[in-house]
Amino acid sequence: MADGAGRWGRRAVLRRTALLAGGAALGTAASAQTAWIADRRLPLADGPASATLGTRHQQVGAGGVEVTWGVPTSDRLVALTFDDGPLPQWTPMVLDTLDEHGVPATFFLVGARAREHAALLRGRLGQHEVGNHSWAHQDLARLDAHAAYDDLRRSHDAIAEAAGVPPRLVRPPWGHLGGAVLHAAARLNYRLVLWTLQMVEGEFPGDPAGHARRIVADVRPGTILLGHDVGAERRLVALRGLPDMITGLRARGYTFVTVSQLLGHSTVVLPAR
């Protein structure tokens with residue numbers, strides 16, 4: 001009886017082991033299936049996270065895209081950039097100041113606003129540069145690859161028509177990057193431009209001179225400086241202090257250039273040891 005009980009015990013153990021193994025395999029397969037379904041619902045394929053599109057040949061212009069935050073250079077150069085315009089209450093104020101001081105800048109335009117307010121740009125962009133800032137300032141990093149491309153393409157055409165020159169630079173709203181944004185930028189042969197330093201209007205309420213001093217102190221050679229020619233009333237602190245910013249940086253030996261001009265001055269800077 002003891003031997004029989006032992007045999008039945010071993011059989012039960014083997015049967016239970018087989019059942020457990022089978023259950024684990026089924027569980028793994030079920031988990032994989034659940035994950036696949038969940039991933040498809042995000043979606044990943046062709047979606048915001050994906051920098052590829054389908055399984056056929058990728059239509060990506062020259063085949064690559066560069067992302068720039070600033071330019072490594074020993075030259076005292078700085079690029080002023082303004083996002084979100086044009087709008088009648090703001091953009092002329094910026095252009096008037098830049099014209100008065102002979103300073104070029106790069107304007108990352110919202111396509112819908114460029115189309116609506118094209119008259120603000122005509123005849124006033126001779127020394128300036130334009131870039132693409134999306135059609136309606138929607139977060140491109142949340143769109144799929146098709147939608148991100150359609151958005152930037154639509155904005156590209158509107159900016160080209162309003163400004164008289166097609167943009168070659170793009171800055172996604174809020175600087176949000178995603179695979180779909182990279183893919184769309186590559187298709188349009190854009191260079192992605194973010195920024196090194198941002199104007200901080202909220203830290204200097206009612207103090208344009210103080211804000212200007214802060215920016216002047218923080219600029220380094222090759223800085224891309226982010227400002228806005230659209231926004232809340234508090235942002236006027238930066239625009240009202242723009243003359244002080246310009247004169248302060250010139251006193252430090254800085255020359256103002258467009259982003260594309262700055263990119264042309266890139267030099268190799270070895271990291272400190």
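Below, all heavy atoms of this structure are taken into account, side chains as well, without hydrogens, waters or symmetry copies.
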Given the side-chain rings of Trp90 and His228, with only the six-membered ring counted for Trp, is the space between their centroids under 6.0 Å? no
Hydrogens and angles aside, do Arg220 and Thr196 bring a side-chain donor and acceptor to less than 3.5 Å of each other? no
Does Thr73 use its side chain to pair, donor to acceptor, with the backbone of Asp75 at less than 3.5 Å? yes
Are His101 and Phe256 close enough that their ring centres sit under 6.0 Å apart? no
Between Arg171 and Thr81, is there a side-chain donor-acceptor contact under 3.5 Å, judged purely by atom types and distance? yes
Going by an N to O cut-off under 4.0 Å, is there a salt bridge joining Arg124 and Asp96? yes
Test item: side-chain donor near acceptor, Thr258 and Ser260, under 3.5 Å: no
Measure the acute angle between the ring planes of His211 and Phe204, then classify it against the limits of 30° and 60° as parallel, tilted or perpendicular. perpendicular
Rounded distance (nearest 0.5 Å) linking atom CZ of Arg187 with atom CZ of Arg153: 9.5 Å
To the nearest 0.5 angstrom, please state how far the CG atom of Leu263 sits from the CD1 atom of Ile224. 6.0 Å
Qualifying residue, where the test is side-chain contact (heavy atoms from CB on, under 4.5 Å) with Phe108 and the options are Asp229, Leu169, Asn132, Val170: Leu169
So which atom in Ala180 and which in Ala148 form the shortest heavy-atom distance, rounded to 0.1 Å? O-CB, 3.9 Å
Strictly by modelled atom types, are Asp139 and His176 linked by a side-chain donor-acceptor pair under 3.5 Å? yes
Using 0.5 Å steps for rounding, measure from the CG atom of Leu120 to the CZ atom of Phe107. 11.0 Å
